[in-house]
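Before any comments, here is the structure.
Position 1 is the first residue of the sequence, and the numbers go up from there. No experiment lies behind these values; they were computed from the predicted model shown.
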Amino acid sequence: MKWKLREPAAYLLCAILIWRFTSPLEETEFSGGQITARLLNMAEIGILLFITAAILVFLSSRISAGTAAIACLTSLPMYAYFAFPKAFQQLFPGEYSVPGSAYSAWGRSYIGIVTLLLALLFSIRTLLNLNASKPNPLPRL
């Protein structure tokens with residue numbers, strides 16, 4: 001039962017951190033950029049998916065873990081943009097109003113990346129446990 005409560009707590013923590021990270025950006029030019037607006041939209045989708053995953057934990061662990069894994073993947077680019085601005089702009093060329101200043105920028109983005117990795121580990125663990133607990137349909141010889 002403890003494990004069942006840790007998963008939704010981790011998913012809700014990820015949703016709260018992403019929301020706090022992106023909410024100041026919504027009313028800036030960041031939300032209107034060619035690439036950055038898409039990053040913001042993906043992060044908002046990630047918030048909704050994390051909330052959905054937190055609810056689904058109690059109904060279907062497998063669907064919840066899959067939903068959370070997708071939420072991690074949709075939220076990671078936003079954090080990556082701020083954690084590694086120059087590398088991000090080199091990987092995804094486009095029109096940026098400000099050139100990337102450094103290969104690594106310390107800040108809240110690293111905390112977000114760590115929480116996303118934690119949520120992804122919870123999801124993978126859940127999926128692996130569900131697969132391991134299935135009985136083998138073939139008899140052993």
Side-chain angles (χ1 to χ4, degrees), residues 1-140:
M1 186 63 181
K2 270 187 184 180
W3 188 254
K4 280 271 196 199
L5 295 177
R6 288 179 187 167
E7 276 185 79
Y11 299 158
L12 289 176
L13 177 65
C14 286
I16 291 168
L17 289 177
I18 296 167
W19 175 72
R20 289 194 50 150
F21 191 80
T22 60
S23 62
L25 301 173
E26 290 179 359
E27 296 179 10
T28 64
E29 69 178 35
F30 192 89
S31 64
Q34 178 184 8
I35 296 173
T36 55
R38 292 181 181 143
L39 292 176
L40 194 58
N41 290 338
M42 287 174 57
E44 290 172 353
I45 290 169
I47 293 169
L48 295 175
L49 288 174
F50 273 123
I51 293 170
T52 304
I55 294 168
L56 286 175
V57 162
F58 303 104
L59 302 174
S60 173
S61 295
R62 176 172 289 218
I63 295 173
S64 172
T67 303
I70 293 169
C72 290
L73 295 176
T74 60
S75 303
L76 184 61
M78 173 62 79
Y79 288 130
Y81 177 78
F82 284 96
F84 313 105
K86 183 104 174 170
F88 188 91
Q89 289 181 7
Q90 288 174 348
L91 283 172
F92 302 101
E95 188 176 323
Y96 293 95
S97 61
V98 177
S101 60
Y103 281 95
S104 180
W106 293 93
R108 293 185 303 161
S109 57
Y110 286 107
I111 295 170
I113 290 171
V114 169
T115 56
L116 287 181
L117 289 175
L118 177 70
L120 187 61
L121 288 174
F122 278 141
S123 299
I124 291 171
R125 182 179 185 274
T126 299
L127 289 172
L128 291 176
N129 280 347
L130 289 174
N131 289 334
S133 66
K134 284 185 177 180
N136 191 357
L138 301 173
R140 288 187 158 195

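In this structure, the separation between CG on Leu40 and CD1 on Ile45 is 10.5 Å, given to the nearest 0.5 Å. Here Thr22 contributes atom OG1 and Leu39 contributes atom CG; the two are 11.5 Å apart, rounded to the nearest 0.5 Å. Distance check: Ile113 CD1 to Ser75 OG gives 11.5 Å after rounding to the nearest 0.5 Å. Residue Ile111 holds its CD1 atom at 10.0 Å from CZ of Phe21, rounded to the nearest 0.5 Å. The CZ atom of Phe50 sits 12.0 Å away from the CD1 atom of Ile16 when rounded to the nearest 0.5 Å. Atoms OG1 and CD1, from Thr74 and Ile18 in turn, are 7.0 Å apart once rounded to the nearest 0.5 Å.
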Test log, rule side-chain contact (heavy atoms from CB on, under 4.5 Å), inputs Val57 and Phe122 = CA-CA 11 Å; Val57 162; Phe122 278 141; over 6 Å; no
Passes side-chain contact (heavy atoms from CB on, under 4.5 Å), Thr36 versus Leu25? Steps please.
-> CA-CA 10 Å; Thr36 55; Leu25 301 173; over 6 Å; no
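Judged by distance alone, with hydrogens and angles left aside, the side-chain atoms of Ser23 form a donor-acceptor pair with the main-chain N or O of Trp19 at under 3.5 Å. At least one donor-acceptor pair under 3.5 Å links the side chain of Ser64 to the backbone N or O of Ala53.
Among residues two or more places apart in sequence or in another chain, the side chain to side chain donor-acceptor pair (under 3.5 Å) test is passed with Ser123 by Tyr11.
Taking every heavy atom of both residues into account, Phe58 and Pro8 meet most closely at CZ-CG, 3.9 Å. The minimum heavy-atom distance between Ile63 and Leu56, with the atom names listed, is CG2-CD1, 3.7 Å.
Under the 6.0 Å cut-off for aromatic ring centres, Phe84 and Tyr110 qualify, their centroids lying closer than that.
If you check the side chains of Thr126 and Glu7, you find a donor sitting under 3.5 Å from an acceptor.
Identified under the side chain to side chain donor-acceptor pair (under 3.5 Å) test for residues 112-122, with sequence neighbours left out: none.
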